[in-house]
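So the structure is just underneath, and the comments pick up after that.
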Amino acid sequence: MILLTRKADFSAAHFYWIDEWSEEENVRAFGLCANRNGHGHNYTLEVTVAGEVDPISGFVVDLKALKEIMEREVVGVYDHRHLNHEIADFKTTLPTTENIAIAVWKRLEGKIPGAKLHRVRVYEMPDLFADYMGEL
């Protein structure tokens, strides 16, 4: 088995707010991220697939197809959107880095022919990222 990772980028806005909490509790927990107007990030997405190298093509997966799937299922949906307001994945879930990674996994799982989804990594900033590897 070999692991292959493809990267993509998207920009999106979000905020953190729990309606059941007071404004003070939200600000205490989330700081500037509690601004309900939101703020943006340039996210980097890494999708890692696992599989066997095809002895003829030398690839684990069709790279063009993987790029198209990532574009269709994630980048084209999330890019230049306000995650809280425009994306159904986050209607009842805070769009934290962790939850974005889980949502991306759900969008991609079972849709990559010839390879198994191994890991989704989402960078919110160069020094902050979350990895999700499915239910263990």
Side-chain angles (χ1 to χ4, degrees):
M1 179 182 66
I2 192 162
L3 301 176
L4 177 84
T5 302
R6 179 134 210 168
K7 283 185 172 187
D9 297 302
F10 63 92
S11 299
H14 70 158
F15 65 86
Y16 301 152
W17 189 273
I18 297 175
D19 287 334
E20 293 76 26
W21 292 2
S22 69
E23 181 174 352
E24 181 181 284
E25 289 172 306
N26 276 288
V27 170
R28 184 174 38 250
F30 305 127
L32 294 175
C33 295
N35 178 343
R36 299 202 60 180
N37 292 318
H39 63 279
H41 292 282
N42 295 316
Y43 293 93
T44 296
L45 169 64
E46 293 180 358
V47 174
T48 301
V49 297
E52 299 297 325
V53 175
D54 182 280
I56 297 168
S57 72
F59 295 126
V60 171
V61 67
D62 179 331
L63 297 174
K64 183 179 179 203
L66 179 57
K67 182 177 182 176
E68 289 171 353
I69 292 164
M70 291 169 63
E71 175 65 32
R72 181 184 68 239
E73 298 296 329
V74 181
V75 176
V77 176
Y78 290 0
D79 193 34
H80 287 83
R81 298 289 178 221
H82 194 299
L83 300 176
N84 301 74
H85 297 307
E86 298 181 74
I87 305 301
D89 300 344
F90 305 108
K91 287 298 181 194
T92 60
T93 303
L94 290 179
T96 62
T97 310
E98 299 89 333
N99 284 332
I100 294 169
I102 293 167
V104 169
W105 179 280
K106 290 176 181 177
R107 287 179 162 276
L108 296 177
E109 189 174 31
K111 295 180 180 168
I112 303 168
K116 182 182 184 307
L117 189 57
H118 176 75
R119 183 192 75 195
V120 166
R121 175 175 282 177
V122 176
Y123 284 87
E124 183 172 298
M125 298 180 289
D127 63 346
L128 174 64
F129 63 89
D131 288 333
Y132 185 68
M133 292 177 272
E135 297 293 325
L136 299 176

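We're numbering straight along the sequence, starting at 1. Computed from a predicted structure; not experimentally measured.
The aromatic rings of H85 and H82 sit tilted relative to each other, their planes meeting at an angle between 30° and 60°.
Under the 4.5 Å side-chain heavy-atom criterion for grouping Ile, Leu, Val, Met, Phe, Trp and Tyr, F30 is not connected to V27 through any hydrophobic cluster. Linking ILVMFWY side-chain heavy atoms closer than 4.5 Å, directly or via other members, places W17 and F90 in two distinct hydrophobic clusters. Hydrophobic clustering, with ILVMFWY side chains joined whenever heavy atoms are under 4.5 angstrom apart, keeps Y16 apart from L83. No path of Ile, Leu, Val, Met, Phe, Trp and Tyr side chains, each step under 4.5 Å between heavy atoms, connects M133 with L3, placing them in separate hydrophobic clusters. Cluster annotation: I112 is connected to V75 through the hydrophobic network of ILVMFWY side chains, with a link wherever side-chain heavy atoms come within less than 4.5 Å.
One finds no salt bridge joining R6 and D62 here, because no Lys/Arg side-chain nitrogen approaches an Asp/Glu carboxylate oxygen to under 4.0 Å. The existence of a salt bridge linking K67 and E71 is excluded, since no basic side-chain nitrogen approaches an acidic carboxylate oxygen closer than 4.0 Å.
Taken from NZ in K116 to CE in M1, the straight-line distance is 9.0 Å, to the nearest 0.5 Å. Here the straight-line distance linking atom CD of E73 with atom CG of L108 works out to 6.5 Å at 0.5 Å rounding. Note that CG of L45 and CZ of F10 are 6.0 Å apart. Values are rounded to the nearest 0.5 Å. The distance from the CG atom of N26 to the CG atom of N35 is 11.5 Å, given to the nearest 0.5 Å. Distance CZ/F59 to CG/L66: 12.0 Å, rounded to 0.5 Å. In this structure, the separation between CG on D9 and CD on E46 is 10.0 Å, given to the nearest 0.5 Å.
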- [ ] Evaluate the criterion side-chain contact (heavy atoms from CB on, under 4.5 Å) for residue pair I18 and L94; output intermediate values, then yes/no.
- [x] CA-CA 8 Å; I18 297 175; L94 290 179; 4.1 Å; yes
Open item on the list: Checking E25 against E20 for the side-chain contact (heavy atoms from CB on, under 4.5 Å) test, could you report, in this order, the C-alpha distance in whole Å, the side-chain angles of both residues, the deciding distance, and whether it holds?
Closed with: CA-CA 10 Å; E25 289 172 306; E20 293 76 26; over 6 Å; no
Task: Residues E86, Y78; criterion side-chain contact (heavy atoms from CB on, under 4.5 Å); working and verdict - done: CA-CA 9 Å; E86 298 181 74; Y78 290 0; over 6 Å; no
Task: E124 and Y43: CA distance, side-chain angles, deciding distance, side-chain contact (heavy atoms from CB on, under 4.5 Å) verdict - done: CA-CA 5 Å; E124 183 172 298; Y43 293 93; 3.8 Å; yes
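Residues K7 and M70 fail the side-chain proximity criterion, which asks for heavy atoms closer than 4.5 Å. Taking the side chain as every heavy atom from C-beta outward, P113 and I69 approach each other to under 4.5 Å.
Between H14 and P95, the closest heavy-atom pair is ND1-O, 2.9 Å. Contact between A101 and A130 at its shortest, heavy atoms only, is CB-O, 4.1 Å.
Between the side chain of N84 and the backbone N or O of F15, at least one donor-acceptor pair lies under 3.5 Å.
D89 pairs in a salt bridge (Lys or Arg N to Asp or Glu O under 4.0 Å) with only one of the listed residues (R107, R81, K106), which is R107. With L4 as reference, V49 is the one residue of V47, V49, T48 to meet the side-chain contact (heavy atoms from CB on, under 4.5 Å) rule.
Around atom NZ of K64, no more than 12 heavy atoms belonging to other residues, nucleotides or ligands sit under 6.0 Å away. Applying the 6.0 Å contact sphere to CG of L32 captures no more than 12 heavy atoms from other residues, nucleotides or ligands.
Judged as a side-chain hydrogen bond (donor to acceptor under 3.5 Å, both in side chains), and not counting sequence neighbours, D79 has no contacts. With sequence neighbours excluded, the residues satisfying ring-ring contact (aromatic ring centres under 6.0 Å, His included) with Y123 are F129.
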